[in-house]
Amino acid sequence: MNLKIAVLAGDGIGPEVTEQAIKTLKAVEEAYNHNFSFTEAPVGAIAIDKTGDPLPDDTLKLCLDSDAVLFGAIGDPKYDNDPSAKVRPEQGLLKLRKSLGLFTNIRPIKAYPTLIERSPLREDRILGTDMVIYRELTGGIYFGEKKLNKKGTTASDLCEYSEYEIERIAHLAFKAARTRKKKLTLVDKANVLETSRLWRKIVTNIGKSYEDVELDFLFVDNAAMQMILNPSQFDVILTENMFGDIISDEGSVIGGSIGLLASASVGDENAMFEPIHGSFPQGAGKDIANPIASILSAAMLLEHFNLHEEAQAINKAVEKALEMKVVTSDLEEDSKYGTEKVGSFIADYIANAEEIINYNQENIDYGQSTII
Ligand code: IPM
Ligand code: MN
């Protein structure tokens with residue numbers, strides 16, 4: 001398959017983790033005879049520094065002209081600590097989501113058996129967790145009208161949803177549930193919010209066409225609690241933009257590290273793949289960032305184009321890395337492996353998996369081929 005991939009590595013650790021995802025995709029390209037092209041463009045704080053714009057026109061154009069976007073991370077402390085900043089890196093990401101029409105953000109959360117003891121949650125609570133969050137991504141309070149009065153003393157953010165915006169993501173979430181454990185939970189705040197009541201009404205209606213899927217509802221405060229108390233009860237969670245943002249970070253503790261969580265953002269025309277972690281500026285350039293979330297995002301990219309076997313090859317290689325503890329220090333305190341080595345191990349495993357009979361720790365350490 002020919003795929004034109006736009007690479008928007010962005011800020012902080014974005015470039016180093018994305019480099020590992022590209023390395024992995026190149027291994028897949030080689031092993032399975034595909035033809036992937038990678039074109040880089042600036043986004044975020046780095047783009048503001050260069051052009052004054054967090055999403056320069058050329059970057060957006062490249063994304064629109066590509067089959068998929070591989071995104072790194074966005075954000076820089078110099079903006080976080082300045083509430084009066086007129087231009088912010090995050091605006092680039094939001095504009096990109098909106099301009100590409102990426103209305104559904106898909107965030108899988110899984111408890112990896114090999115990492116279970118890493119989670120701050122008790123093993124018996126998280127065992128068997130395998131859920132996916134369908135987060136609405138281009139509507140709600142993120143994109144509603146924003147107001148600040150002249151004196152700067154009163155502000156508001158409008159949360160608005162239309163029937164159309166709810167319907168299109170609801171169908172995707174029901175379809176996903178059909179291929180999984182056939183359970184869909186709508187997370188909302190229907191006891192307080194008018195938008196949530198609209199979500200419930202529409203999702204209930206759509207549910208009638210998916211009778212094989214069990215539909216239930218949870219208020220977001222209760223959902224936040226249930227995710228920690230009993231996360232394995234969930235299959236597909238469907239929710240609006242801001243609730244999805246919050247509960248997906250919460251869900252990351254189940255996996256043991258936010259450095260493991262990948263995501264896909266899809267629309268009718270475009271698709272973008274990114275780790276859910278931020279730019280971790282304190283870790284930038286130190287070769288300590290966990291590249292797995294970015295690498296698993298690359299697997300989601302392949303899955304999106306129905307390259308199932310290829311995506312599985314990445315997932316297997318990641319599981320092998322976890323099993324062999326070829327991981328960064330967020331997962332193994334005194335690990336001797338950095339971002340680069342973890343990426344190389346995973347790429348190598350994909351390229352050579354069939355011939356590998358055994359692994360030689362020493363070779364891994366030297367960053368050489370892992371084949372004996
Ligand atoms: C995310 C991030 C973004 C969001 C920020 C960077 C705007 O937290 O992708 O979850 O809130 O959507
Ligand atoms: Mn977030």
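Index from 1, following the sequence. Read the numbers this way: they start at 1 and go in the same order the structure lists the ligands and their atoms. FYI, side chains are in, hydrogens and waters are out, and symmetry mates aren't considered; it's all heavy atoms of this structure. These figures come from a predicted structure and were not determined experimentally.
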**A176 backbone acceptor or donor facing T179 side chain under 3.5 Å** = yes
**Message:** Tell me if a side-chain donor or acceptor on E240 pairs with a main-chain N or O of M242 at a distance below 3.5 Å.
**Reply:** yes
**Item:** Quiz item: cation-pi between R180 and F174, 6.0 Å / 45°
**Value:** no
**Message:** Could you tell me if K189 sits above the aromatic ring of F243, with its cationic atom closer than 6.0 Å to the ring centre and no more than 45 degrees from the axis?
**Reply:** no
**Prompt:** Thinking salt bridges, do K26 and E29 make one under a 4.0 Å N-O criterion?
**Reply:** no
**Prompt:** Heavy-atom distance to atom 1 (C) of ligand 1: which of R107, E274, E90 wins?
**Reply:** R107
**Asked** In the protein, which heavy atom is nearest to atom 4 (C) of ligand 1, and how far is it?
**Response** Y142 OH, 3.4 Å
**Residue and atom name of the nearest protein heavy atom (relative to atom 2 (C) of ligand 1), distance in Å to one decimal** = D245 OD1, 4.1 Å
**Request:** Report the part of R97 (side chain from C-beta onward, or backbone N, CA, C, O) that has a heavy atom under 4.0 Å from ligand 1; answer both or neither where that applies.
**Result:** side chain
**Prompt:** Applying a 4.0 Å heavy-atom criterion (strictly less than), which segment of R135 is in contact with ligand 1: side chain, backbone, both, or neither?
**Reply:** side chain
**Complete:** Answer key: the N, O or S atom of D245 nearest to the Mn ion (ligand 2) is OD1
